[in-house]
Amino acid sequence: MTPHPVDPEELGPDHVDLSISARVLADKLPAGFVVGAATSSYQVEGAVHADGRGPSVWDTWLRDRSVTVDRSTADDAVDHYRRMPQDVALMGELGLDAYRFSVAWPRIFPDGGSRPNRRGLDFYHRLLDELEQRGVAPMLTAFHWDTPQYLEDDGGWMSRDTALRFADYAAVLGREYGERVRWWCTINEPATVAGNGYGSELHAPARNAGVGALRAVHHLLLGHGLSVQALRAEGVRGAIGMSNVHSPAEPANPDSVLDRAAADVIETATNRLFADPVLLGTYPTAVHAAARVAGLKIRDGDLETISQPLDFYGLNYYMPTLVAAGSGDDGPLPASLVLPSGGDADGGRSPLHVVEWPDVRRTAYGWPVVPDHLGVMLARMRDRYPGLPPVYITEGGASFDESPGPDPETGVVQVHDTRRAEYLGDHLTAALDAVGPGGDAEGVDLRGYFVWTLMDNWEWAAGYRQTFGLVHVDRATMARTPKASYHWLRKVLQHRRREEAPAKSTAGGAATA
């Protein structure tokens, strides 16, 4: 990507050149384009025993401290449950258009009873109040991985009943918040829930069912479709969609028939397996044979339910995947590929393997930084799904090794994370260029980008080791410190043409979403 000149006054407090200036990026933002930040309840709220909340599968799994790299739990997370007004104030000062958050299912139905927990419902009303006061539009995600433990005891997402219970829960959310939410996101990343939690032991509930996790795949997607129906039956005002992670797969050697076939397997298993039923009303052909092995029964009408028309599609993008045939010598498959390959997280034999992406920067997670492939993914979505609804990038971001330190002149604590600002600038630019006139993904109605994440949080099995936030959180004091990337993004939003800034109403249907 060609560097652009940067005015030092447009940067955060660290005054380091970026590949694209705040002003140049601001000029690229189309009228009505939404810039937001995203979090999830389990990663930020803490207060796992407060106000009647029941246990989730994660609370149970974390009884064994060895399952996280730093032996941490999310019992406190970053204390958002108690510090929520302060966190929303940071969103307002940043100038965000929108905030994507998830509701903790165990706060609303803590014990399997039919009556929702009023104290849990009230917390999210208070959150919506704060967002309204700050002019930040809410995107509510109904499920971001924190399945109530009592449902897991009855089979979890391996059971069809969980999909039905999820629809009941979504209906309660619709009745409670239906007039207040601008966008509704049913389920976040069913691919990760099924692959890491049911296909392997990398995430809770650690079922390690291999190909049998296809049952969880189907029930997650069915839960999505049923919840869309439930929300529409409640007459919610906001636009309704879902969110899934997409990683475009590429052959390590494009001239190799076997590598191309291996990449196609991964493309099918990680992308098409989840998007085809939702957007086309069918599973990829290869899935039907695997479903029989998995003991999955797809009932008449299921795919019609799953493929309910959507007002938007949420796409989470972090990186592409480079794939080669054979078991390889480069180590185990990454967690996200355990389910489709039938391998295991400890490097079991596989007909394919992932290759390191060459000659690119990497995040602290080791993920390759390849912004141009966000455009590749958008183009593939357009080509495969002719009726693709408007798209939001519902997650995008990176973790980097960084630590706060005092400014030598002022003594003010700062976090110099210009790599994150550059990452965000490059990915936003790549996406906007791709969908613009003459771009590779021209024709995709791209309406927004949500940064993962607002503040450093608890990152599942990585614990607190991976920091994705625009805001640093001190683990000892919970003090919040905006990073350089926060200040840079604030400059982007300040320089955006004000007459073209999106309306900050908290309600709106598909036409205004």
| query | Does any donor atom in the side chain of Ser72 or Asp70 lie under 3.5 Å from an acceptor atom in the other side chain? | reply |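 Yes, a side-chain donor-acceptor pair sits under 3.5 Å.
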| query | Side-chain donor-acceptor pair under 3.5 Å between Ser243 and Thr394, yes or no? | reply |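 On atom types as modelled, these side chains qualify, holding a pair under 3.5 Å.
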Less than 4.0 angstrom from a charged side-chain N to a carboxylate O is my criterion; do [X] and [Y] meet it?
X      : Y      : value
Asp27  : Arg496 : no
Asp264 : Arg272 : yes
Asp426 : Arg419 : no
Glu201 : Arg207 : no
Arg160 : Asp302 : yes

So does [Y] get a backbone contact from the side chain of [X], meaning a donor-acceptor N/O pair under 3.5 Å?
X      : Y      : result
His219 : Trp157 : yes
Asp311 : Ile240 : yes
Thr467 : Phe400 : yes
Asn457 : Gln43  : no
Asp146 : Tyr42  : no
Tyr486 : Leu454 : no
Arg100 : Leu140 : no
His144 : Asn188 : no
Asp97  : Gly36  : no
Ser227 : His224 : yes

| Residues two or more places apart in sequence or in another chain: which of them pass side-chain contact (heavy atoms from CB on, under 4.5 Å) with Ala286? |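 With neighbours one apart ignored, the set is empty.
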| Arg447 to Phe312, cation-pi by 6.0 Å centre distance and 45° axis angle |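 No, Arg447 and Phe312 do not form such a contact.
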Atom pair [atom1]/[atom2] of [X] and [Y] - distance to nearest 0.5 Å:
X      : Y      : atom1 : atom2 : answer
Phe468 : Ser399 : CZ    : OG    : 4.0 Å
Tyr99  : Met139 : OH    : CE    : 12.5 Å
Asp255 : Arg260 : CG    : CZ    : 7.5 Å
Gln229 : Thr305 : CD    : OG1   : 5.0 Å
Tyr283 : Leu273 : OH    : CG    : 6.5 Å

| Sequence neighbours excluded, which residues qualify as salt bridge (charged side-chain N to carboxylate O under 4.0 Å, His left out) partners of Arg362? |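 Arg362: salt bridge (charged side-chain N to carboxylate O under 4.0 Å, His left out) contacts with Glu356.
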| message | The criterion is salt bridge (charged side-chain N to carboxylate O under 4.0 Å, His left out); which residues satisfy it with Glu402, sequence neighbours excluded? | response |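 Residues passing salt bridge (charged side-chain N to carboxylate O under 4.0 Å, His left out) with Glu402: Arg420, Lys483.
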| message | Can you confirm if the aromatic rings of Tyr318 and His246 lie within a centre distance of less than 6.0 Å? | response |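 No, too far apart.
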| message | Could you check whether Trp460 and Trp58 have their ring centres less than 6.0 Å apart? | response |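 Under 6.0 Å, so yes.
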